[in-house]
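Notes follow once the structure below has been shown.
We name chains A, B, ... by the order of the sequence lines, and we start the count at 1 in each one.
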Amino acid sequence: MEIPNIVERWSGEVTEVTLGATKEEGGTRKKIIKLGGANCIPYIDFEGCPGHRPVIAMDVLDIVPEEWPEVLLEPFKEVVSSPREWAKKCVEEYGADLICLKLDSVHPDKGNKSAEEAVKTVQSVLQAVEVPLIIWGCDDPRRDNEVMPRVSQAATGERCLLASATQDNYKTLAALCLADGHNLVTQAPVDVNIQKQVNILVTDTGFPVDRIVMFQTTGALGYGIEYVYSIQERERLAALSGDKWLALPILCNVGYESWRAKEAKARDEEAPGWGLARERGPLWETITAVTLLQSGADILRMLHPKAVKAVKKQIEALYTNNA
Amino acid sequence: MLAIAERINGMFSNVKKAIIKRDPVPIQDLARRQAEAGASFIDLNVGTAVADQVEAMRWLVEVTQEATKTPLSIDSQKLEVVKAGLEAAKTPALINSCKGQPEDLEIYVPLALKYNASLICLTMDKRGIPQDIDGRVEIAANIVSAAVEHGLEPSRLFIDPVLFPINVDQKQPGYMLEVFRQIRYISDPPPHINVGLSNLSQGTKERSLVNRTFLTMAIAAGLDSAVMDVLDKDLMYAAICAEMLMNKQIYSDSFLKVVRS
């Protein structure tokens, strides 16, 4: 009996997006990153091309994190007051593919620092590492609209990834990214319809679709991961079916969301039955990351080096086994 | 859905005149407007304007291709005219159409394969067009098996169960919905299901309303292609909305615009 061929063929492909620019391309990066390119369901690559490998961006903050649990702070304790050193450590010691510089210090409640100071930080990190940069605002729309233009201009030509544009506040950031040659994160709160709409709105301003990365906001294990998973899965299936407005790489904020979970951050004495905190936290982050990889995530923002190491190993295995 | 734009047809007097005078301007204008309106194929039918239909079709294909890159649908009942259109077409075209009887399929399916074209087959044979559901589905099944035998993929096969004017037999639209549902089960993946939508409203008032109401019902029953008036904006919007409601595209506030761009 002939065995029927059940291989699915998809008509769409995830758009390729490039992060970072080399000297020849007008930047100063030694390493660039390509995302997207998949034309089959993640890791079902006998049906097509799995595209570029997912990458890990390690977060670097421009303020000393106050609420981090000891387990998370420990690997960074010597560098937390210097974004430059922090970024270097992430790349050289912990193997980060790129750096996500979070400009928390300009937030009105977290220091309300000036745009000049943010620019200095961005420049120092760009000098310290050779990998591409994600530059993430403080998520206060008023301050971001003041600070991001300066920051964007200071990094002109580096083809950074700037975050984030929302349905209600996208024009400034889209215009900046267009003018200064950066990529743009579009953000929607776990809502596939709004994600599609914000992508349409941004491209309506003349912004090229191949410079957009989508961010659905993220839920950690135990805190809404299934919603994020199914939205991202639906986006990817739509992409493969030919919906070009959703055929874009996906970013997940794994680290921050995972370490908000009490299961990750509770100290040993607070939760004696839950296992050791130094294992538990990184595991929580690892499981969240590995789960979201299956839904088609392309960039994982992560925090703990142990989790980064484990997830890198998993990515390697996923690609090697399917080769 | 696949919208096959019907307006370049020698039955329309401005097109007829253009064909007789070999005036490309009205043809190219229609081609551009239909492409912009979201046509998946531009249908070309020389009608009865001139005696030499072969030459007229070749000319139509050439001038249309100068105006748009949208694929063409070569519309004629005459094999020689179809061949002339396929030869002149630069990109894979759609053959519109052939009858679903074995002797025709033996000619047209290999023809489609030769030109890398798609093919519309009508559910009609020597006996004519069956008036009932079963007769149409039976011919449809024969068409699919003939196509598969020759190696024409279902994605390039369009079954057209032939839509009658509403004032000829008012039971037919209801029958058609059931025919669409059953054709979908003939193969996996199923062939495309097509109708000549404007036939339905021939000789009626409120043509646009009749067409778009049936189209939304038909999409819900599995229709995914129609030879239609793509310049009828309400009709195109109804089709896009029906497909969105059937979960064929993810909703966004700009969903009407998205499909058209």
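B:Asp134 pairs by the side-chain contact (heavy atoms from CB on, under 4.5 Å) definition with B:Asp132, not counting sequence neighbours. Not counting sequence neighbours, the partners of A:Lys34 by the side-chain contact (heavy atoms from CB on, under 4.5 Å) test are A:Glu16, A:Thr18, A:His52.
Note that CD of B:Gln249 is 4.0 Å distant from NZ of A:Lys196, once rounded to the nearest 0.5 Å. For the atom pair OG (B:Ser254) and CG (A:Leu201), the distance works out to 5.5 Å, reported to the nearest 0.5 Å.
The local environment of CZ in A:Arg53 is crowded, with over 12 non-hydrogen atoms from other residues, nucleotides or ligands closer than 6.0 Å. No more than 12 heavy-atom neighbours from other residues, nucleotides or ligands sit within 6.0 angstrom of OH on A:Tyr256.
Of the atoms belonging to A:Gln167, it is side-chain heavy atoms, and not backbone ones, that fall under 4.5 Å from chain B. Of the atoms belonging to A:Leu246, it is side-chain heavy atoms, and not backbone ones, that fall under 4.5 Å from chain B.
For A:Asp204 and B:Lys257, the salt-bridge test passes: some basic side-chain N is under 4.0 Å from an acidic carboxylate O.
Residues of residues 293-302 of chain A lying under 4.5 angstrom from chain B, judged on non-hydrogen atoms, do not exist here. Contacts between residues 184-194 of chain A and chain B, counted as heavy-atom pairs separated by less than 4.5 Å, involve A:Val192, A:Asn193.
For the residue pair A:Arg234 and B:Asn247, the shortest heavy atom distance occurs at NH2-OD1, 3.6 Å.
A 4.5 Å side-chain heavy-atom check between A:Glu235 and B:Ile250 finds every atom pair outside the cut-off.
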